[in-house]
Amino acid sequence: MQAETLSGGFTNPAVQSAAAFRGVMEATARPGNIETITGATPPVPMSPAAGAVILTLCDTDTPLYLAGDLDCDAVRKWVAFHTGAPLTGPSHCMFAVGDWAALGPLSQYPIGTSEYPDRSATLIVEMDDLTPEGATLSGPGIKTTATLSLPETAAFQDNHGHFPLGLDFMFTSGDRIAGLPRSTEVR
Amino acid sequence: MTDHAYNFAYLDEQTKRMIRRAILKGLAVPGYQVPFASREMPMPYGWGTGGVQVSAAVMTMDDTFKVIDQGADDTTNAVSIRSFFQRTAGVKTTTKTADASVIQTRHRIPEEALTEGQILVYQVPIPEPLRFLEPRESETRKMHSLEEYGLMHVKLYEDIARHGHIATSYAYPVRVEGRYVMDPSPIPKFDNPKLGDMAAIQLFGAGREQRIYALPPYTNVVSLDFEDHPFEASKANHACGMCGAEHSYLDEVIVDDAGGRMFVCSDTDFCESRQQAGHMGKDAA
């Protein structure tokens with residue numbers, strides 16, 4: 001087994017996952033806010049932020065879909081060793097991670113049911129860069145409006161149209177993360 | 001000093017991950033009750049096990065923790081939960097609302113406005129606002145999915161028919177973002193206007209009933225009412241006997257066996273800060 005597989009996890013899981021979760025929660029609760037989350041060094045091409053989200057939220061109870069370039073031997077072994085999350089296809093996943101082009105089409109992910117809208121997938125979108133400019137966001141968590149560099153707008157408008165069903169997104173780049181839950185209106 | 005026999009903040013990591021996933025889904029669908037696998041806690045149901053589990057899942061080493069019970073920092077429930085996290089998480093604790101980053105509350109929202117970066121965790125006994133109207137979970141779940149909230153308005157109407165006004169004075173139902181009807185936990189309806197557009201994150205945990213729900217900051221929250229019977233945030237028509245505050249929520253305290261009574265702020269930190277600043281009520285010694 002490679003050293004890369006065994007290393008790169010949290011060195012103090014209880015404390016570091018708590019700090020990482022605060023970042024993830026603030027990002028989800030305040031769409032458009034860019035938070036920094038550290039502590040994980042997953043194998044390339046996965047970003048440290050995406051790695052920290054997976055270490056914080058994924059375990060044997062959460063089917064995970066690795067999309068595109070992330071579906072490689074190094075990442076698979078790292079995820080298996082550190083989380084034990086079963087790898088699956090998009091239609092049965094709770095979490096999916098990959099770049100925007102690899103994750104699509106969005107119609108293949110579970111969006112929850114009208115009685116259980118929480119049973120929907122969370123997509124972790126790996127981005128080249130993350131900046132507070134671009135599409136205009138409004139809705140819960142945002143005082144007036146916010147802006148965020150989204151890969152596109154139509155898909156997120158469509159997703160918001162399903163509310164209270166829908167997918168929830170996290171965008172990661174390096175050690176930075178931003179959230180876009182289904183409740184956010186995108187213009 | 002932390003008791004190292006425990007994991008940080010008591011709960012094991014797998015439990016925290018499960019609760020954290022529920023919190024994120026709750027924030028994504030404001031007002032919707034997310035089922036979660038509530039654990040046995042070292043305190044009885046009804047003592048805030050839901051709130052404690054949510055607090056344990058969101059707490060970091062750098063947090064400062066405050067607990068209030070009916071507004072007071074010094075009641076049994078507040079003292080024991082505060083010392084629980086002192087022992088198991090080693091976090092700093094405070095009674096000052098402004099100094100706290102995580103505030104666990106039973107049945108009140110602090111008088112002082114909360115700020116961004118703060119988290120308010122509610123202890124919830126019955127999370128389902130429709131439960132006393134429809135006891136079957138399968139039915140209330142269907143009613144939420146269909147936005148079928150007529151029954152709730154009938155209940156408020158019956159209040160008016162019987163009492164001439166909406167007599168519900170606590171756990172007053174609210175509608176979140178025009179979608180889900182939510183029980184704000186048994187806070188007095190005086191506190192309802194603070195639920196909406198709050199700068200802090202609000203998380204609700206019901207341990208026995210195994211539900212978590214949430215309000216992100218600046219969420220639109222409307223108390224249900226009628227055009228001709230608008231919602232009114234009511235309080236006892238007195239000033240605080242200790243600090244003289246006229247716009248805070250008051251407890252009525254019986255002071256002797258001859259019918260003597262006084263009204264004091266239920267938020268002890270708010271009242272003490274005012275007294276220290278020199279404000280005096282008519283009953284202050």
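Remember, it's a predicted structure, so these values are computed and weren't measured experimentally. Within every chain, numbering begins at 1; the chains are lettered A, B, ... in the order of the sequence lines, protein sequences first and strands thereafter.
Heavy atoms of B:Val221 lying under 4.5 Å from chain A are absent altogether. Heavy-atom distances place both the backbone and the side chain of B:Leu24 under 4.5 Å from chain A. Proximity to chain A (any heavy atom under 4.5 Å) is restricted, for B:Arg179, to the side chain, taken from C-beta onward. When heavy atoms are compared at a cutoff of 4.5 Å, A:Thr62 approaches chain B solely by way of its side chain, counted from C-beta outward. Proximity to chain B involves both the backbone and the side chain of A:Ser120, based on heavy atoms less than 4.5 angstrom apart. For B:Leu203, the part sitting under 4.5 Å from any heavy atom of chain A is the side chain, from C-beta outward, and nothing else. Contact of A:Phe163 with chain B is made through the side chain alone, with heavy-atom distances under 4.5 Å. The part of B:Ala199 that comes within reach of chain A is its backbone (N, CA, C, O), which places non-hydrogen atoms under 4.5 angstrom from that chain. Looking at A:Leu55, only its backbone comes within 4.5 Å of chain B, counting heavy atoms on both sides. Both the backbone and the side chain of B:Glu116 come within less than 4.5 Å of a heavy atom of chain A. At a 4.5 Å heavy-atom cutoff, the contact between B:Ala57 and chain A is made by backbone atoms alone.
For CH2 of B:Trp47, the number of neighbouring non-hydrogen atoms (other residues, nucleotides, ligands) closer than 6.0 Å is 12 at most. Atom NZ of A:Lys143 sits in a sparse spot, with 12 or fewer heavy atoms from other residues, nucleotides or ligands closer than 6.0 Å. Atom CE of B:Met61 is surrounded by 12 or fewer heavy atoms from other residues, nucleotides or ligands within 6.0 Å. More than 12 heavy atoms of other residues, nucleotides or ligands lie within 6.0 Å of CG in A:Asp129, so this atom counts as buried by the packing criterion. Under a cut-off of 6.0 angstrom, the local environment of NE2 in B:His153 is crowded, with over 12 non-hydrogen atoms contributed by other residues, nucleotides or ligands.
Between B:Glu13 and A:Ser17, the shortest heavy-atom contact is OE1-OG, 3.0 Å. Listed here is the closest heavy atom pair of A:Tyr116 and B:Tyr32: CA-OH, 3.4 Å. In plain terms, the two heavy atoms of A:Ala18 and B:Met59 that are nearest each other are CB-O, 3.3 Å. Scanning both residues, A:Arg30 and B:Tyr218, for their nearest heavy atoms gives NH1-CE1, 4.4 Å. Minimum heavy-atom separation, A:Pro140 to B:Thr219: CB-OG1, 3.7 Å. Residues A:Phe95 and B:Arg21 come closest through the heavy atom pair CE1-CD, 3.7 Å.
Taking B:Ser145, B:Ala9, B:Gly117 one by one and counting their heavy-atom pairs under 4.5 Å with chain A, the maximum is reached by B:Ser145. Among the candidates B:Asn220, B:Asp12, B:Asp63, the residue making the largest number of heavy-atom pairs closer than 4.5 Å to chain A is B:Asp63. Interface check for chain B: of the options A:Pro181, A:Ala14, A:Pro13, the most heavy-atom pairs under 4.5 Å are formed by A:Ala14. Annotation: maximal heavy-atom pairing with chain B below 4.5 Å, among A:Ala19, A:Cys58, A:Gly139, occurs at A:Cys58. Among the candidates A:Ser114, A:Gly141, A:Gly166, the residue making the largest number of heavy-atom pairs closer than 4.5 Å to chain B is A:Gly141.
The line from OG of A:Ser183 to CG of B:Leu27 is 8.5 Å long, rounded to the nearest 0.5 Å. Note that CG of B:Leu146 is 7.5 Å distant from CD of A:Glu115, once rounded to the nearest 0.5 Å. Rounding to the nearest 0.5 Å places CD of A:Glu26 at 4.0 Å from CD1 of B:Ile201. Distance check, rounded to the nearest 0.5 Å: CE of B:Met18 to CG of A:Leu57 gives 12.5 Å.
Taking 4.5 Å as the limit, some side-chain heavy atom of B:Pro35 sits within range of a side-chain heavy atom of A:Asp118. A 4.5 Å side-chain heavy-atom check between A:Arg22 and B:Ile119 finds at least one atom pair inside the cut-off.
A cation-pi arrangement is not found for B:Arg17 relative to A:Phe21, the charged atom failing to lie both closer than 6.0 Å to the ring centre and inside a 45° cone about the ring normal.
Proximity of a side-chain donor or acceptor of B:Lys25 to a complementary backbone N or O of A:Asp168 within less than 3.5 Å is not detected.
For the residue pair B:Gln14/A:Asp61, the side-chain donor-acceptor check at 3.5 Å is satisfied.
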